[in-house]
Amino acid sequence: MPFQRIRTPSTALTNPTPSPARPTVPDAPTPLASPDTLASPHTATTSVRASVPDAPTTPVRPTAANIPTSPNALSGGSTPPPAWRRLPRLDAVDRDVLTLYLFTRVALAVVAYCTAWLFPRSPEAHSPGLLSEVVGQWDWSHYLHIARDGYFPDDPAARPAEWDNREAFFPGFPLVLRAVHLVVPEWTAAGLLVSLVAGAVAVLALARIARVHLPRAADARRPALLLLVSPCAVFLAVGYTESLFLALALPAWLAARRQDWRAAALLAAGATTVRVSGLFLVAALVVHCALTARARGTLRGLPWLAVPALPPLLHSWYLYARTGDWMAWKHAQERGWYREFHAPWEAWGTTWDAAFGHGYTTPYALMWQAELVAMAVGVVTVALLVRARRWPEACYIALSLWALGTSYWYMSIPRATLLWWPLWIGIASWTLRRPRWLAAWLCVSAPLSVVLAVTFFSGRWAG
């Protein structure tokens, strides 16, 4: 899984993004006018200086005949295109990525249908369970309760008999779910629709990022394929936060690469509303801003990156007003999911004992084995990113590993791999250099994806 090492011009410091040739930093980032022009903001450019006739020695006095009288005259007679026309258009690669995305959604629907018939809730059942019972598992109930009843419902009938620590979850996904519910009355269908639309945006953005790092634009299909058949891909389709987070985080990263710090900050603010992982994204954006600022000599974008801190602060303030605890969300995670701080080696040892110590039933032991594998993959990915001097991406994944690897034991690290877009681009680059390994990877990843989908749809813990 090679990550290219970046060479920078002698007048600039390390550039966090790879470049195929010795770059010349342009005066301004190239706008994302079309998918074919998507490239690193440091792509080498060639300037051609036109011959200009000597300027007159005396200025020309403006008269009514030579003063432009319309906006079109100021722009050479052509009307600027409307804003919607300047948006990136879908090309053949984008359409292929969306087609692949829809096919994998159909495949997961088939898996859910078969699971409902093969693994009903009752062994004596003669009909499958409802759709809401099959796809609405585990964390979905927390998001549903927050969207429907709020964090602290006033109605006693809406309060659970045993408190469910729902304040551990950030409000972004429940807010979007509540809004979509105004149009789609069935809650489960509304959640599936949110993930369906957000997932489409996410895979398109992943393909756009991949074009910067892979040799050809057509190769951008591969990271999307690897993500969509990854072991935990089921969580991109159900009512979880992964798709919505990626739909905000990946465009934020694209905007930062174009030096559009206002758009990057606003999108990152949406990501911090959805998951605490958004703060790790903000850290990566700050590193990227600092590196590009040293090359460009300006920190103009840095103040914008304070904006994404507002949603977590507001959420903490709201919880403090109700509980008197500024860190109520963190303490809820500690109560419900044992996420109190432990040294990394203690967390590894506890997870190892849970996976191989025969103290838990086999389904849980298998998932803890997956946690250990995911942690190892994350550490190797960070090491390769550091070796390639891609500091922002290394910072993002390292912070994620630190947060997940310093609890009582590992939990949900395999699911977190969905958010590590450098991992999927790195694997794509590796398999492009060694094509036979793509088949080997898919032969392992695709069956695991089906296994975890069946595990989730049947109500068992799947990470």
Side-chain angles (χ1 to χ4, degrees), residues 1 3 138-139 165 168-170 227 230-233 235 240-242 245-246 249 271-272 274-287 312 327 329-357 359-360 363-388 390-427 445 448 452 455 461-463:
M1 185 171 49
F3 294 94
W138 297 98
D139 289 357
N165 297 304
F169 298 89
F170 276 38
L227 174 66
S230 62
C232 290
F235 294 103
Y240 272 55
T241 59
E242 278 72 18
F245 177 82
L246 288 174
T272 58
V274 176
R275 293 176 64 95
V276 70
S277 307
L279 296 175
F280 312 149
L281 171 68
V282 175
L285 292 175
V286 170
V287 174
M327 297 297 291
W329 65 270
K330 179 66 169 62
H331 296 151
Q333 290 191 356
E334 294 175 356
R335 291 191 303 268
W337 293 269
Y338 305 100
R339 291 197 182 275
E340 62 272 8
F341 179 81
H342 286 75
W345 51 89
E346 294 177 356
W348 174 275
T350 304
T351 309
W352 184 276
D353 291 340
F356 300 106
Y360 293 89
Y364 284 100
L366 178 62
M367 291 313 304
W368 270 305
Q369 294 172 27
E371 300 282 348
L372 294 169
V373 172
M375 172 59 75
V377 170
V379 171
V380 171
T381 303
V382 171
L384 292 173
L385 289 169
V386 169
R387 181 183 178 184
R390 287 171 56 179
W391 308 113
E393 296 99 320
C395 174
Y396 170 70
I397 299 180
L399 289 174
S400 177
L401 291 176
W402 178 260
L404 295 169
T406 54
S407 299
Y408 175 72
W409 51 26
Y410 298 162
M411 185 174 292
S412 301
I413 300 180
R415 182 152 53 96
T417 61
L418 296 171
L419 312 181
W420 301 346
W421 74 87
L423 170 65
W424 308 113
I425 296 175
I427 296 174
S445 180
L448 287 176
L452 264 72
T455 302
W461 176 249

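Any value given below was found using the heavy atoms of this structure, including those in side chains, with hydrogens, waters and symmetry copies removed.
To the nearest 0.5 Å, atoms CD1 (I413) and SG (C232) are separated by 11.0 Å. Considering CG of L246 and CH2 of W420, their distance stands at 13.0 Å, rounded to 0.5 Å.
H331 pairs by the side chain to side chain donor-acceptor pair (under 3.5 Å) definition with D325, not counting sequence neighbours. With sequence neighbours left out, the side chain to side chain donor-acceptor pair (under 3.5 Å) criterion links T350 to no other residue. Under the rule for a side-chain contact (heavy atoms from CB on, under 4.5 Å), the partners of V373 that lie at least two apart in sequence or sit in another chain are V377. When the side-chain contact (heavy atoms from CB on, under 4.5 Å) test is applied to P231, the partners found at least two apart in sequence or on another chain are S445, L448. Evaluation of the side-chain contact (heavy atoms from CB on, under 4.5 Å) rule for Y364 yields W138, Y360, T361, W368, W461 as partners, not counting sequence neighbours. Legend: residues meeting side chain to side chain donor-acceptor pair (under 3.5 Å) with T241, ordered by chain and number and at least two apart, are R275. The side-chain contact (heavy atoms from CB on, under 4.5 Å) search around A283 returns C395, L399, not counting sequence neighbours. Scored by the side chain to side chain donor-acceptor pair (under 3.5 Å) test, Q369 finds no partners at all (sequence neighbours excluded).
Between Y240 and F235, the two ring planes are tilted [angle within 30° to 60°].
In plain terms, the two heavy atoms of A355 and L372 that are nearest each other are CB-CD1, 4.0 Å. Considering all non-hydrogen atoms of both residues, G463 and M367 come closest at N-CE, 3.8 Å. Shown here for A168 and W337, the closest heavy-atom pair between the two residues is CB-CZ3, 3.8 Å. Summarising the geometry of L227 relative to A233, their closest heavy-atom pair is O-CB, 3.8 Å, with the distance given to 0.1 Å. Nearest heavy atom pair, residue G378 against residue I397, reads O-CG2, 4.3 Å.
Legend: salt bridge (charged side-chain N to carboxylate O under 4.0 Å, His left out) pairs involving residues 395-405, not counting sequence neighbours: none detected. Listed by first then second residue, pairs satisfying salt bridge (charged side-chain N to carboxylate O under 4.0 Å, His left out) with a partner in residues 394-408 number zero, not counting sequence neighbours. Among pairs with a residue in residues 403-423, those fulfilling salt bridge (charged side-chain N to carboxylate O under 4.0 Å, His left out) read D139-R415, E242-R415, at least two apart in sequence or across chains.
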For residues 404-411, please give each side-chain donor-acceptor pair under 3.5 Å, one per line with the distance, not counting sequence neighbours.
residue : atom : partner : partner atom : Å
T406    : OG1  : W402    : O            : 2.6

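For the pair P363/T455, no side-chain contact is recorded, criterion being any heavy-atom separation below 4.5 Å from C-beta on. Counting only heavy atoms from C-beta outward, the side chains of L419 and F280 never approach each other to under 4.5 Å. Annotation: side chain of S230 is in contact with side chain of W424 (closest heavy-atom distance under 4.5 Å). Side-chain atoms of W391 and L385, non-hydrogen and from C-beta on, never get closer than 4.5 Å to each other.
When L423, L418, I425 are each tested for a side chain to side chain contact (heavy atoms under 4.5 Å, CB included) with W421, only one passes: I425.
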Residue pair Y396, L285: steps toward the side chain to side chain contact (heavy atoms under 4.5 Å, CB included) verdict: CA-CA 9 Å; Y396 170 70; L285 292 175; over 6 Å; no
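A donor-acceptor pair is defined here as one N or O able to donate and one able to accept, closer than 3.5 Å; no such pair exists between the side chain of Q333 and the backbone of Y338.
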